[in-house]
Amino acid sequence: MKLQQVSAVKMFDGMQYVYQHESESVNGKMNVAVYMPPQAESTAVPALLWLSGLTCTEQNFITKAGAQRAAADLGMAIIAPDTSPRGEGVANDEAYDLGQGAGFYLNATQEPWANHFQMYDYVVNELPELIEAELAVDGRWGISGHSMGGHGALTVYLKNQQRFSSCSAFSPIVAPAQVPWGQKAFGTYLGDDESTWQQYDATALVLAGQTSDSEILIDQGKADDFLADQLKTELFADACFRAGQKVNIRMQAGYDHSYYFISSFIDEHMAFHYQNLTVS
């Protein structure tokens, strides 16, 4: 196997694994957390690809979100990779919102980032193909994520509906080309030509006609400190209205940007994906 087991813990009659593997896309080792439900012992199951946010690793979702119980009940795998390449020789920055832990799910074109920061290719092609080849996952994929990972989930889904059949997000950066987090990352990884940024901007993609027939589910906390300056959920809502993209944006009173928020609604997101992935 290309997947090398790092750890394994039984949960809800399924297994929570962490694997490491050599990645051609990012030119180095990647860690990925995988929850396999008990149903996977006898049959291949659908999977949810979860993309985490800034500063996170493969550990944050599996230790804080509490999604494994719903995954076991439904019979779904959860695949949660690290947020960037890491290690000696991988470019980095002292700031939390750039470099290791801040891959932004794009393919960098600028040096010194281009050699390793190819996270778009990793999550769209390499990782799903590897998981399907080595584990009991049947090729039905949903995608979700939080914050930077919500941005990744939206953009990856809109451009790869042949791979991913459902999409949801928590607190996504919906218009990174228009907010400080995205402008900093895009300018660094992609360069000054802002026309190259649009391919990784969900709001821009929808306005350009990159839409789907399926509804997208988004949960956003009204008490999120990043809502006004970094997330700007209203920009995506307006783009979807103008383009005819079905979207259910639930503004949740009192909730912030944390995993307390994610854990409060993750079961509903799991059920949303299962329904979309198993419809005949």
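Everything numeric in this text was worked out from a predicted model, so none of it was measured. Side-chain atoms are counted along with the backbone in the values below, which use heavy atoms only and exclude waters and symmetry mates.
- Under the ring pair (Phe, Tyr, Trp, His ring centres under 6.0 Å) rule, Phe265 has a single partner from Tyr260, Tyr255, Tyr259, which is Tyr255.
- Using a 3.5 Å distance cut-off with no hydrogens or angles, the side chains of Tyr105 and Thr155 do not pair a donor with an acceptor.
- Minimum heavy-atom separation, His151 to Pro176: ND1-CG, 3.8 Å.
- Aromatic rings from Tyr189 and Phe117 are positioned such that their centres are separated by under 6.0 Å.
- Salt-bridge formation is detected for the pair Arg242/Asp238: a Lys NZ or Arg NE/NH1/NH2 atom is positioned less than 4.0 Å from an Asp or Glu carboxylate oxygen.
- Between Phe186 and Leu106, the closest side-chain pair of non-hydrogen atoms falls below 4.5 Å.
- Arg163 is not listed as a side-chain neighbour of Ile143, based on a closest heavy-atom distance of 4.5 Å or more.
- Ring orientation note: the planes of Trp181 and Tyr96 are nearly perpendicular, at an angle over 60° on the 30°/60° scale.
- In this structure, the side chain of Asn115 does not engage the main chain of Asn27 through any donor-acceptor pair within 3.5 Å.
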Practice prompt. Please report the C-alpha distance between Glu126 and Ser23 in whole Å, then the side-chain angles of each, then the deciding distance to 0.1 Å, and finally whether the side chain to side chain contact (heavy atoms under 4.5 Å, CB included) criterion is met.
Written response: CA-CA 8 Å; Glu126 183 179 10; Ser23 166; 2.8 Å; yes

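- In this structure, Thr211 and Cys240 have side chains that are not in contact, with every pair of non-hydrogen atoms separated by 4.5 Å or more.
- Within the 3.5 Å criterion, the main-chain N or O of Ser168 finds a donor-acceptor partner in the side chain of Ser144.
- Here the side chains of His146 and Ser52 are not in contact, with every heavy-atom distance at 4.5 Å or above.
- Residues Phe61 and Ile78 form a side-chain contact, since some pair of their non-hydrogen atoms from C-beta on lies under 4.5 Å apart.
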Worksheet entry | Stepwise salt bridge (Lys or Arg N to Asp or Glu O under 4.0 Å) test for Glu215 and Arg250 | CA-CA 13 Å; Glu215 183 180 76; Arg250 310 190 304 186; over 6 Å; no

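- Proximity of a side-chain donor or acceptor of Thr203 to a complementary backbone N or O of Val174 within less than 3.5 Å is detected.
- Listed for the Asp201 side chain is a donor-acceptor partner under 3.5 Å among the backbone atoms of Ala177.
- Judged purely by distance below 3.5 Å, without hydrogens or angles, the side chains of Tyr120 and Asn160 pair a donor atom with an acceptor atom.
- For the pair Gln198 (side chain) and Leu205 (backbone), a donor-acceptor distance under 3.5 Å is absent.
- Within 6.0 Å of NZ in Lys29 there are 12 or fewer heavy atoms belonging to other residues, nucleotides or ligands.
- The two residues Leu74 and Tyr274 come nearest to each other via the heavy atoms O-CE1, 3.1 Å.
- Formation of a donor-acceptor pair under 3.5 Å by the Thr83 side chain with backbone atoms of Cys56 is found in this model.
- Contact of the Thr109 side chain with the Thr196 side chain is not registered, since no non-hydrogen atoms from C-beta on lie closer than 4.5 Å.
- There is no side-chain donor-acceptor pair under 3.5 Å between Asp82 and Asn31.
- Here the CD atom belonging to Gln252 is positioned 6.0 Å from the CZ atom belonging to Phe261, to the nearest 0.5 angstrom.
- In Gln5, the CD atom is crowded: over 12 heavy atoms of neighbouring residues, nucleotides or ligands sit closer than 6.0 Å.
- Counting non-hydrogen atoms of other residues, nucleotides and ligands closer than 6.0 Å to CD of Gln162 gives a total above 12.
- Proximity of Phe170 to Ile266: side-chain heavy atoms (C-beta onward) are separated by under 4.5 Å at one or more points.
- A 4.5 Å side-chain heavy-atom check between Leu277 and Met76 finds at least one atom pair inside the cut-off.
- Residue Tyr35 comes nearest to Ala72 through the heavy atom pair OH-CB, 3.4 Å, listed as atom of the first residue, atom of the second, then distance.
- When the options Arg86, Met119, Glu58 are evaluated for a side-chain contact (heavy atoms from CB on, under 4.5 Å) with Met30, the one that passes is Met119.
- Using a distance-only test at 3.5 Å, with no hydrogens or angles considered, a donor-acceptor pair links the side chain of His116 to the main chain of Val26.
- Aromatic ring centres of Tyr200 and Phe104 lie farther apart than the 6.0 Å criterion allows.
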